[in-house]
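Below: the structure, in structure tokens.
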Amino acid sequence: MSKHTHAFQAEVAQLLHLVTHSLYSNPDIFVRELVSNASDACDKLRFEALNNAALLEDAPNLEVRVAFDKDAKTLTITDNGIGLSEQEAIDNLGTIAKSGTRSFMEKLSGDQKKDAQLIGQFGVGFYSGFIVAEKITVESRRAGLKAEEGVRWVSGGTGDFEVEAITRAQRGTSITLHLREDKTEYLNRWKLKQIIGRYSDHISLPILMQKEEWDAEKSEYQLLEDWEAVNSASALWSRAKKDITPEQYTEFYKNLSFDNEDPLTWSHNRVEGGTEYTQLLYIPAKAPADLWNRERKAGIKLYVKRVFIMDEAESLMPAYMRFVKGVIDTADLPLNVSRELLQESRDVKAIRDGNTRRVLSMLEDLAKKNSLPASEGADGVTDVVSDEDNAMVGKYDAFYAEFGAVLKEGLGEDFAHRERIAKLLRFASTQGERVSLADYKARMKEGQDAIYYITADSLAAAKNSPQLEVFKKKGIEVLLMTDRVDEWALSFVPEFDGTPLQSVAKGAVDLGKLQDEGEKKAAEQAAETFKPVLDKLKDSLKDKAKDVRVTTRLVDSPACLVVEDGEYSTQLARMLKQAGQQAPEIKPILEVNAEHALVKKLDGSAHFDDLAHILFDQALLAEGGLPEDPAAYVKRVNALLA
Ligand code: ADP
């Protein structure tokens with residue numbers, strides 16, 4: 001049979017160069033990567049065999065074997081999974097397909113030292129074998145093909161690889177690493193067993209190694225023909241919680257998610273009564289780059305009776321919880337379930353509801369433990385804080401900073417849980433940094449009957465908005481909302497715990513009981529005496545403003561713009577326009593401060609019309625907008641300055 005030489009895809013060559021020429025912070029990871037590939041190959045076979053039992057041939061027990069040969073200096077990882085055809089070997093072992101490896105490639109900085117660390121964190125699949133091997137031989141036969149249709153793939157990890165046809169009785173793949181001179185430490189059962197225990201214990205297949213016996217004569221260990229499993233060989237989620245260490249949960253998460261940071265928290269449950277399933281859900285610490293893409297797939301893997309069915313099972317989690325990673329295993333779905341079927345299944349709906357509630361309670365728990373109770377009790381005794389509680393401090397803040405804006409989408413999406421979501425919201429305010437609606441309510445002023453908020457493009461714009469003036473003067477807290485989704489999301493929360501939410505930039509200010517009778521009288525009177533000027537203003541600005549009225553909202557500023565209750569704010573309309581979306585044309589209402597010197601000047605002014613337009617345009621500028629005709633604005637101001 002003839003051999004053929006093939007060149008690696010350019011990216012692979014680049015990756016291999018890095019793998020073989022850099023220092024490796026953690027060479028052990030090649031074991032994890034190769035064992036994980038072997039396990040995936042077995043999962044694939046099991047899945048295909050559901051519809052074609054003949055693929056299992058006479059070896060239905062799927063397993064991975066790890067063997068080494070001290071004399072030959074080789075380490076071989078063998079599986080009896082799906083195997084590779086010749087073409088698959090050429091395609092899959094010569095190019096980069098895997099999303100994890102691809103995102104690794106994208107993160108490469110060109111700085112060898114940093115990049116080498118990245119290899120340790122990410123792993124780069126099959127190619128990580130070249131961290132320790134100067135040559136790799138892969139022998140494989142795809143399940144269902146004849147013995148003569150086996151393949152041998154050999155490469156020294158530089159520019160190319162060789163492929164030839166071989167006869168191979170056994171189905172599946174053997175990967176033989178010819179270790180480099182300085183990496184022979186891996187020819188050691190104890191070491192390999194330890195690495196497998198650390199990284200691959202959760203693999204649901206048995207990982208077998210030969211037993212050893214001490215040979216006193218030769219004074220070294222001899223391998224026996226007796227194989228034993230060196231991992232727990234049960235899917236992590238199917239084990240009892242008490243038998244799983246936090247390290248094992250964390251390691252499992254990293255394998256599942258391609259994330260190299262520890263998760264913030266996880267929850268592992270067996271749900272019974274009705275639809276039965278096991279749920280293991282993680283909340284990551286960091287948002288992935290494409291979190292904003294609502295098309296981004298859910299991070300949930302679906303298993304049916306331990307058989308892997310699919311990644312990214314979006315039907316199992318609502319879109320606003322797309323940051324959650326985890327595994328669902330159920331016996332209540334058929335093994336051949338498809339994505340289409342999932343969408344219609346009542347069991348899937350039950351699982352999705354269960355997952356949603358679980359994630360909400362995980363978040364509630366994080367929120368509760370986010371800060372420690374005041375360290376000194378009423379009795380003057382300092383409470384002892386457990387390490388566990390200490391470790392939870394700040395986690396909800398961390399979660400919220402990364403995923404808060406995604407969670408808010410739930411207000412519009414998940415009517416049933418709106419209240420629970422609303423309780424999880426946190427906002428900056430004129431009096432604090434991460435204020436919940438409940439915090440706000442608890443410190444509302446006597447006589448205050450609404451939760452006030454302002455939406456703006458930035459925190460600075462919100463803080464300095466003229467609309468806040470009267471609230472500042474009266475010491476009333478206002479929530480400052482600067483997330484793009486805030487205004488949209490808040491439109492689904494008309495009230496919280498019986499108290500209405502009120503934008504300070506919408507409708508007339510009615511501070512209700514917070515305003516004393518004297519103030520109200522004075523305002524009414526001002527409006528009365530000011531009426532002729534107002535009418536003139538309305539006339540001058542009839543193309544720009546829907547109405548002009550006197551307000552008590554302002555203290556230092558001459559004017560501001562507001563919209564009616566229920567209308568889009570001018571910022572939201574601006575934002576939609578910038579995003580190229582359709583936005584209704586909104587004519588705002590100009591509110592003026594009758595006490596302001598500039599406004600007082602209007603009466604009888606020879607420049608009335610110019611002043612009126614300047615007032616309007618400045619109000620627009622103050623909230624981050626732009627005058628419709630900036631040049632005209634500048635001209636008017638200059639005319640007055642001169
Ligand atoms: P990934 O496994 O994440 O896709 P790798 O670089 O590790 O990326 O492997 C590339 C491809 O090679 C795999 O997707 C798979 O198709 C194939 N492969 C690797 N190891 C095996 C194996 N033990 N059995 C069958 N196919 C394998």
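The first residue of the sequence shown is numbered 1, and numbering continues consecutively from there. Just so you know, ligand 1 is whichever comes first in the structure, and atom 1 is the first atom listed for that ligand.
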Within-cut-off N or O pair, Tyr127 and ligand 1, under 3.5 Å: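 The answer is no, given that Tyr127 and ligand 1 share no N or O pair closer than 3.5 Å.
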For Arg171, give me all partners under salt bridge (Lys or Arg N to Asp or Glu O under 4.0 Å), at least two apart in sequence or on another chain.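 Counting only residues at least two positions away or on another chain, Arg171 forms no salt bridge (Lys or Arg N to Asp or Glu O under 4.0 Å).
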Report the part of Thr173 (side chain from C-beta onward, or backbone N, CA, C, O) that has a heavy atom under 4.0 Å from ligand 1; answer both or neither where that applies.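 Answer for Thr173: side chain.
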For ligand 1, the portion of Asp40 having any non-hydrogen atom under 4.0 Å away: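 The answer is neither.
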Under a 4.0 angstrom heavy-atom cut-off, which atoms of ligand 1 come close to [X]?
X: Leu93; answer: 12 (O)
X: Leu84; answer: 25 (C), 26 (N)
X: Asn92; answer: 10 (C), 11 (C), 12 (O), 16 (O), 17 (C)

Checking side-chain polar atoms at under 3.5 Å, does [X] have a donor or acceptor matched by the opposite partner on [Y]?
X: Ser232; Y: Asp201; result: yes
X: His178; Y: Thr137; result: yes
X: Arg32; Y: Ser200; result: no

Please list all pairs passing the salt bridge (Lys or Arg N to Asp or Glu O under 4.0 Å) test where one or both residues lie in residues 352-361, with sequence neighbours left out.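 Residue pairs passing salt bridge (Lys or Arg N to Asp or Glu O under 4.0 Å), neighbours aside: Lys349-Asp353.
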